[in-house]
Amino acid sequence: MKKVFLITIFGLLFGGCSLKEDAAELYLQEQPLHAEVVLPERITSEEPVPIKVILTQDGKKVEEVDSVEFEMWKHDDTNHATVEQPSELEEGTYGINKTFERDGLYYIKIHASKGNAIIMPKVQIVVGELSKSELEYLQKDLPEKEEGHDHHH
C-alpha cells in the first residue's frame, strides 16, 4: 500500500512539472503601449494650449488605462516641473489646456500605464520665441555638417 501511495505522489509531483508543447503561448504576450502627442503648430505664452496624447495598444485606442500624467518643465528649470492629470477626452485620448507663462524651450513627459505596460515618452516644444542661450543649447545637439573633401586627381 505504501508503494502505491508513494508512486501516486511522485506521479502527481513530476506530472505537474512536465512541459507542455504550447507552454510559451500560455504566457501573456507583451503588447506595448504607444503614445502620440498632439500639439498645435504654434504655441504662444500666456494663452491656453491644448495638449493631447493618443494612447494605442496593438493598433487600437486604449479603452482604460491605469494612469496618465503630463510632467512639464522649462529646459533650464527642472526643479520646478509640474505634474498634471489630464482628462479623458474620448476613448484612448487624454488632454489638458496648459498656459505657459514665459516663452522658451519646454519638455513634456507623458507617464502612462496599463497593466504591465508602462511608457514615458518625452517631447520638446517651443513656446513663443527662444532666447539666445536656448538656441545655442539646441544647436550644440545638432551633428556638425561635414564639408565634402573630395580629392580629384
Side-chain angles (χ1 to χ4, degrees), residues 13 15-153:
L13 286 174
C17 294
S18 67
L19 290 175
K20 295 182 179 182
E21 289 181 23
D22 64 346
E25 292 179 25
L26 295 176
Y27 288 96
L28 178 66
Q29 297 288 323
E30 182 180 338
Q31 294 181 336
L33 280 174
H34 296 280
E36 177 189 348
V37 179
V38 181
L39 296 162
E41 277 188 38
R42 181 131 174 90
I43 300 173
T44 309
S45 60
E46 299 182 14
E47 291 183 18
V49 177
I51 301 171
K52 293 192 263 185
V53 63
I54 301 169
L55 298 174
T56 56
Q57 192 172 36
D58 197 25
K60 300 174 192 134
K61 286 189 176 182
V62 177
E63 289 181 23
E64 290 183 29
V65 294
D66 297 332
S67 69
V68 181
E69 294 179 338
F70 290 19
E71 179 182 8
M72 293 169 275
W73 66 93
K74 195 163 186 311
H75 112 91
D76 57 357
D77 193 10
T78 56
N79 292 331
H80 293 97
T82 61
V83 176
E84 300 194 27
Q85 306 294 322
S87 302
E88 185 171 12
L89 305 175
E90 59 184 60
E91 185 175 284
T93 304
Y94 298 84
I96 61 169
N97 283 317
K98 171 74 174 168
T99 302
F100 295 92
E101 294 176 12
R102 303 184 333 236
D103 285 2
L105 181 63
Y106 288 82
Y107 291 95
I108 300 173
K109 189 177 209 176
I110 309 295
H111 300 263
S113 67
K114 179 181 181 181
N116 291 332
I118 299 170
I119 56 170
M120 295 184 289
K122 181 171 83 170
V123 294
Q124 187 179 65
I125 63 169
V126 173
V127 175
E129 301 296 322
L130 293 178
S131 68
K132 185 177 178 182
S133 66
E134 289 168 329
L135 283 169
E136 289 170 357
Y137 170 79
L138 288 175
Q139 288 172 345
K140 80 175 174 88
D141 285 347
L142 293 176
E144 288 190 32
K145 189 174 182 181
E146 292 186 26
E147 297 294 325
H149 295 287
D150 293 348
H151 296 282
H152 299 285
H153 297 280

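Just so we're clear, the structure is a prediction, and the values are computed from it rather than from any experiment. Below, each value reflects all heavy atoms present in this structure, side chains not excepted, and no hydrogens, waters or symmetry copies.
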For Asn97 and Pro50, work out which heavy atoms get closest and say how close.
OD1-CA, 3.3 Å
NZ on Lys74 to CG on Asn79, rounded to 0.5 Å:
13.5 Å
Given Glu71, which partner from the list Lys109, His111, Lys122 fulfils the side-chain hydrogen bond (donor to acceptor under 3.5 Å, both in side chains) test?
His111
d(Tyr94 OH, Lys52 NZ) to nearest 0.5 Å is 14.0 Å
I want to check something: taking the side chain as every heavy atom from C-beta on, are Val49 and Pro40 in contact at a cut-off of under 4.5 Å?
yes
Taking everything shown except Glu64 itself, do over 12 heavy atoms lie less than 6.0 Å from its CD?
no
Side-chain contact test, heavy atoms from C-beta onward, threshold under 4.5 Å: evaluate it for Arg102 versus Val127 and give yes or no.
no
Rounding to 0.5 Å, atoms OG1 (Thr44) and CG (Asp103) come to a distance of 8.0 Å
For Lys114, look at atom NZ and say whether over 12 heavy atoms of other residues, nucleotides or ligands are found less than 6.0 Å away.
yes
Could you please spell out the steps behind the side chain to side chain contact (heavy atoms under 4.5 Å, CB included) verdict for Tyr106 and Ile43?
CA-CA 11 Å; Tyr106 288 82; Ile43 300 173; over 6 Å; no
So do the side chains of Glu136 and Lys140 get within less than 4.5 Å of each other, counting heavy atoms only?
no
The reported gap from NZ in Lys98 to CD1 in Ile108 (rounded to nearest 0.5 angstrom) is 9.0 Å
Just how far is it from atom NZ of Lys61 to atom OG1 of Thr93, taken to the nearest 0.5 Å?
3.5 Å
Around atom CD of Glu90, are there more than 12 heavy atoms of other residues, nucleotides or ligands at under 6.0 Å?
yes
Quick one: closest heavy-atom pair of Ala112 and Leu33, and the distance?
O-CD1, 4.0 Å
May I ask you to check whether over 12 heavy atoms, not counting those of Glu129, lie within 6.0 Å of atom CD?
no
Once ring pair (Phe, Tyr, Trp, His ring centres under 6.0 Å) is applied, do any residues pair with Phe70, and if so which ones, sequence neighbours excluded?
none
One pair to check against side chain to side chain contact (heavy atoms under 4.5 Å, CB included): Leu55 and Gln57. What are the steps and the verdict?
CA-CA 7 Å; Leu55 298 174; Gln57 192 172 36; over 6 Å; no
